[in-house]
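Let me begin by presenting the structure, written as structure tokens, before commenting on it.
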2 protein chains.
Amino acid sequence: MKQFIPLTDVTRTKNATNEEIPLQSKLETYEAKFKALADQKRLYILHLLVQQNSSCVCDLSELIDMPQSKLSYHLKILLDAGLITKETKGTWSYYQVNTEEINHLLSPELCCLFRPSCG
Amino acid sequence: MKQFIPLTDVTRTKNATNEEIPLQSKLETYEAKFKALADQKRLYILHLLVQQNSSCVCDLSELIDMPQSKLSYHLKILLDAGLITKETKGTWSYYQVNTEEINHLLSPELCCLFRPSCG
DNA sequence: ACAGTATATCAAGTATTTTTGATTAAAGGA
DNA sequence: TCCTTTAATCAAAAATACTTGATATACTGT
């Protein structure tokens, strides 16, 4: 599995050990993040997750009317891209939007789509 | 071909005729835009375009070392998503980044990747 | 221990996207 | 006019991504 690199580390242009991050690896990271966003179903999952604040797969599965295996597949893509986080409690997996990451990536007006209050 | 809808019309939540834009059609628009960004080659093309300010296909083709037909294919995807604009002069097609659209879509720090000066 | 629930993963099939090389059309210059 | 350049499009092949249904694992409650 591809390792999740936080956006802050990419936009800063230098990583923790003060080395320049080459353009190529920046583009790879962005590609993965935009790929994760490049799907209506996943955008809708993000939208639902924000409104629920935190939700397990089975609850989401009913909200979005999507078979469990399909939902897990899409959640994994969002997770690997660092756009959501996962916390496991017993057999349940609770997913949450990684707001900080979304804010680093998207414009304020677009982030709005992923906030509880506004449309 | 899918019609380009400016982001402003989507984030405003109402269109010109004051009708609510349903979530579904917003998500469709975003999906198209993120799909266009979800590719290393296209991100690099955007990056080059910003630095050149304006460039024709043949010049870009040398900069990026990519066959012409492939480049035209990717440029069309960016164009259809409204992320770049095209101006034809004789046999030449000059492409340019649609800065306004990029600014509406991406965070200020990310937009930085698509500005002449910074990284 | 047993039955039931939650979720991840797998393999196969399907669909979509990308690449490639060729062709076409339109414009410029000798 | 004829040759060259520019760039869009096309069709086929190759590569990716998504869907589906089944299976496996781990936990819950009785």
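Sequence lines set the chain letters: A, B, ... in the order given, protein chains first and strands last, and positions in each chain run from 1. Below, each value reflects all heavy atoms present in this structure, side chains not excepted, and no hydrogens, waters or symmetry copies.
- In this structure, B:E87 atom CD and D:dA7 atom C1' are separated by 16 Å, rounded to whole Å.
- The interatomic distance linking B:Q40 (CD) with C:dT17 (C1') rounds to 16 Å, in whole Å.
- Checking side-chain atoms of A:N98 against main-chain N and O of A:G82 turns up a donor-acceptor pair under 3.5 Å.
- Atom CD1 in B:I77 sits roughly 14 Å away from atom C1' in D:dA8 (whole-Å rounding).
- Looking at A:K33, its side chain does come within 3.5 Å of a backbone N or O of A:A81 through a donor-acceptor pair.
- Judged by distance alone, the side chain of A:S93 and the main-chain N or O of A:K89 form no donor-acceptor pair under 3.5 Å.
- Linking ILVMFWY side-chain heavy atoms closer than 4.5 Å, directly or via other members, places A:I77 and A:F34 in two distinct hydrophobic clusters.
- In this structure the side chain of B:F4 never reaches within 4.5 angstrom of the side chain of B:L79, judged on heavy atoms.
- Rounded to whole Å, the distance from CG on A:L71 to C1' on C:dT5 is 16 Å.
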Could I get a table of every N or O pair under 3.5 Å where one atom is in the protein and the other is in nucleotides 21-24 of chain C?
from, atom 1, to, atom 2, distance (Å)
C:dG21, O6, B:S69, OG, 3.4

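- The side chain of A:K86 places an N or O atom within less than 4.0 Å of a non-bridging phosphate oxygen (OP1 or OP2) of C:dA8.
- Nearest to the side chain of A:S72, among D:dC18, C:dA8, C:dT18, sits C:dA8.
- B:I45 CD1 to A:L27 CG: the interatomic distance, rounded to the nearest 0.5 Å, is 11.0 Å.
- Distance A:K41 NZ to C:dT16 P: 10 Å, rounded to the nearest Å.
- A:L75 comes within contact range of no nucleotide atom at all, as no heavy-atom separation falls under 4.0 Å.
- Side chain of A:P67, nearest nucleotide from D:dT20, D:dT9, C:dT18: D:dT20.
- For B:K41, the salt bridge (charged side-chain N to carboxylate O under 4.0 Å, His left out) criterion is met by B:D39, not counting sequence neighbours.
- Checking C:dT7, D:dC18, D:dA8 against every side-chain atom of A:V57, the shortest atom distance belongs to C:dT7.
- Between B:H47 and B:F114, the angle of the ring planes goes over 60°, which puts this pair in the perpendicular group of the 30/60° scheme.
- With rounding to whole Å, A:D80 atom CG is found 12 Å from C:dA8 atom P.
- OP1 and OP2 of D:dT16 both lie 4.0 Å or more from every side-chain N or O belonging to A:K35.
- For the pair B:S107/A:L105, no side-chain contact is recorded, criterion being any heavy-atom separation below 4.5 Å from C-beta on.
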* Contact letters for nucleotides 24-30 of chain D, in which S counts primed atoms plus P, OP1 and OP2 and B counts the base, heavy atoms under 4.0 Å -> --BBS--

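- Going from atom CG of B:D59 over to atom C1' of D:dT6 covers 11 Å, rounded to whole Å.
- Among the nucleotides D:dC18, D:dT19, C:dT18, the one closest to any side-chain atom of A:H74 is D:dT19.
- The listed nucleotides are D:dA7, C:dA8, D:dA8; the one nearest the side chain of A:Y95 is C:dA8.
- Linking Ile, Leu, Val, Met, Phe, Trp and Tyr residues whenever their side-chain heavy atoms come within less than 4.5 Å leaves B:L78 and B:Y73 in two separate clusters.
- Taking atom CZ of residue B:F34 and atom P of nucleotide C:dT17, one finds them 17 Å apart after rounding to whole Å.
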